[in-house]
Protein chains: 2
Amino acid sequence: MKPYLLQILKELALLGATKNRVEISSLELAKQLETSQQTASRYLLELDKDGMITRELGIKKQLIRITGKGEEALQEEYLQYQQIFELTNKIRFTGKVVSGMGEGRYYTEQSGYADQFKERLGFVAFPGTLNVEIRHIEKNKLRLLKNYNAIQIDEFETDNRTFGGVKCFRATINNADGAIVLPLRSHYSNILEFISPHFLREKLNIKDGDNVKIMIYL
Amino acid sequence: MKPYLLQILKELALLGATKNRVEISSLELAKQLETSQQTASRYLLELDKDGMITRELGIKKQLIRITGKGEEALQEEYLQYQQIFELTNKIRFTGKVVSGMGEGRYYTEQSGYADQFKERLGFVAFPGTLNVEIRHIEKNKLRLLKNYNAIQIDEFETDNRTFGGVKCFRATINNADGAIVLPLRSHYSNILEFISPHFLREKLNIKDGDNVKIMIYL
DNA sequence: ATTACTAGTAAGCGAGTAT
DNA sequence: TATACTCGCTTACTAGTAA
């Protein structure tokens, strides 16, 4: 979302457009934003096109209301500010369950990892990872995570190859305990890998595509 | 402040730059922002020029820290999001001081009103009201206000005429205590009438046309 | 490696104006 | 009154590259 559009959306929200339809003309909005009527009009068109607001054009003015999508964008922004100013010890993600390519199982079964999980996380990880695709909008939170101190799992070697270090954070998924695993050397990903002492798909009765809630403890 | 610069400042804050110096190269920043190294470099130059960050350029990378001014800008933004999403007990208005037609004084000096002000608001109102013209756009917020429970001032009669009931909300104007008065029977107006135990024009050293900040407590 | 200048291109803005 | 189009001007972006 373009930064200037987010600002406009915020202004509309401050006028109450998340809760009610707000009656406002493009000229009034322009005055509020200290810009031209034409630009204000364009802002509204863009926000509408992006699905952030709905508009009802009357003969005079227009009734504007922020959509669910628009409110979500604002919520996300708000969360980031909370993260900045509040001393938070947890980060919340929502996402949906996806299938990996069986790699998770391969890795978690390496004793080099498994032993460290047991020692540093205090549980024996069920073979495999539960992969959760987070919404693109939440990638900022993921990045944030990478800067926090984590439970470190060291790299190790076998006869065949080297396995890289990973970072872990204690976490819950739909209130079930476990941890998320972040490869130290990884490109940007929108997948969270969750390990747990339990077979989560069964325990939580979840399948691919289901929405889940992940809480990460810092 | 330009919207895109605010976004960058927020990103730096998320990296911890409000609390510590953060070591980051323009290229790294560029990757996080999904933009070019040149643009990231320009962002940092602009933020520096605006006094939002301080930079220590080393031979490699640079140490960046958000200044007090920068943090203030973020705080202001955070406040606005709180206003949007929290069950707030206050509403903010900005507006400018205007002169009424002396009516305020006539009304506030009626003992029927003055006695009730003293009883229900806890102060003896200085004769007259300070009138603040709110920006037209904020009339939407004013409309919200009319739905909240207010301190009620009852109508009364004198030998000559009837004086209508009014609603009051405790409020501050530029941090000075008082209340705003909304006539029960009134057309929509973009004027807020402020009463206070003090002579506000003198106490706050304000005159017609000055911008003031009003906080209304619900 | 790094920052940041220059220059050409793309995006955003607002005056004029059609509707 | 409104909204929103066109179009010339300004601002922002990035490739190339110097330092």
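In what follows, every chain begins at residue 1, and chains take the letters A, B, ... in the order their sequences are listed. The analysis underlying the following values was restricted to heavy atoms, covering all of them including side chains, and did not include hydrogens, waters or symmetry mates.
Of the options Gln116(A), Glu119(A), Lys167(A), a side-chain contact (heavy atoms from CB on, under 4.5 Å) to Ile153(A) is made by Gln116(A) and by none of the others.
Base engagement by Ser41(A) is indicated by at least one non-hydrogen atom pair under 4.0 Å involving a base atom. Across all strands, Leu57(B) comes closer than 4.0 Å only to sugar-phosphate atoms, never to a base (heavy-atom distances).
Ring geometry for Phe156(A) versus Tyr113(A): interplanar angle over 60°, hence perpendicular rather than tilted (30 to 60°).
One atom, CG of Leu63(B), and another, P of dT2(C), lie 14 Å apart when rounded to the nearest Å. If you measure from atom CD of Glu23(B) to atom P of dA1(C), you get 16 Å, rounded to the nearest angstrom. If you measure from atom CE of Met1(A) to atom C1' of dG12(C), you get 16 Å, rounded to the nearest angstrom. In this structure, the CD1 atom of Ile24(B) is 11 Å from the P atom of dT2(C), given to the nearest Å. When the C1' atom of dT3(C) is taken as reference, atom CG of Leu29(B) falls 13 Å away, rounded to whole Å. The CG atom of Leu44(A) sits 10 Å away from the C1' atom of dT3(D) (whole-angstrom rounding).
Two end axes, each from the C1' atoms of five base pairs, can be drawn for the helix from dT2(C)-dA19(D) to dT19(C)-dA2(D); they diverge by 40°, to 10 degrees.
Every residue two or more places apart in sequence or in another chain was checked for a side-chain hydrogen bond (donor to acceptor under 3.5 Å, both in side chains) with Ser41(B), and none qualifies. Taking Gln7(B) as the reference, Glu77(A), Lys10(B) meet the side-chain hydrogen bond (donor to acceptor under 3.5 Å, both in side chains) condition, with sequence neighbours excluded. Here Thr172(A) pairs with nothing under the side-chain hydrogen bond (donor to acceptor under 3.5 Å, both in side chains) rule; sequence neighbours left out.
Contact annotation: Arg55(B) does not reach the phosphate of dT2(C) (side-chain N/O to OP1 or OP2, under 4.0 Å). Look at Ser25(B) and you won't find any side-chain N or O under 4.0 angstrom from OP1 or OP2 of dA1(C). Neither OP1 nor OP2 of dC13(C) sits under 4.0 Å from any side-chain N or O of Thr39(A). Between dT3(D) and Gln62(A), a contact under 4.0 Å exists linking OP1 or OP2 to a side-chain N or O.
The main-chain N or O of Met52(A) is found under 3.5 Å from a side-chain atom of Thr67(A) such that the two form a donor-acceptor pair.
A donor and an acceptor atom, one from each side chain of Tyr4(A) and Glu46(A), are located under 3.5 Å apart.
A salt bridge links Lys207(B) with Asp210(B); the closest basic N to acidic carboxylate O contact falls under 4.0 Å.
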- Task: Take Glu86(A) and Tyr78(B) through the test side-chain hydrogen bond (donor to acceptor under 3.5 Å, both in side chains) and record every step on the way to the result.
- Result: CA-CA 11 Å; Glu86(A) 309 298 335; Tyr78(B) 182 36; 2.4 Å; yes
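The cationic group of Arg161(B) lies under 6.0 Å from the six-membered ring centre of Phe163(B) and within 45° of the ring axis, placing it in a cation-pi geometry.
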Atom pairs under 3.5 Å, N or O on each side, protein against nucleotides 5-10 of chain C: can you list them with distances?
none

- Note on the structure: Given protein heavy atoms under 4.0 Å, the one-letter contact record of nucleotides 7-12 of chain D, with B base, S sugar-phosphate only and - none, is simply -----S
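When all heavy atoms of Leu15(B) and Val22(B) are compared, the pair lying nearest together is O-CG2, 3.4 Å.
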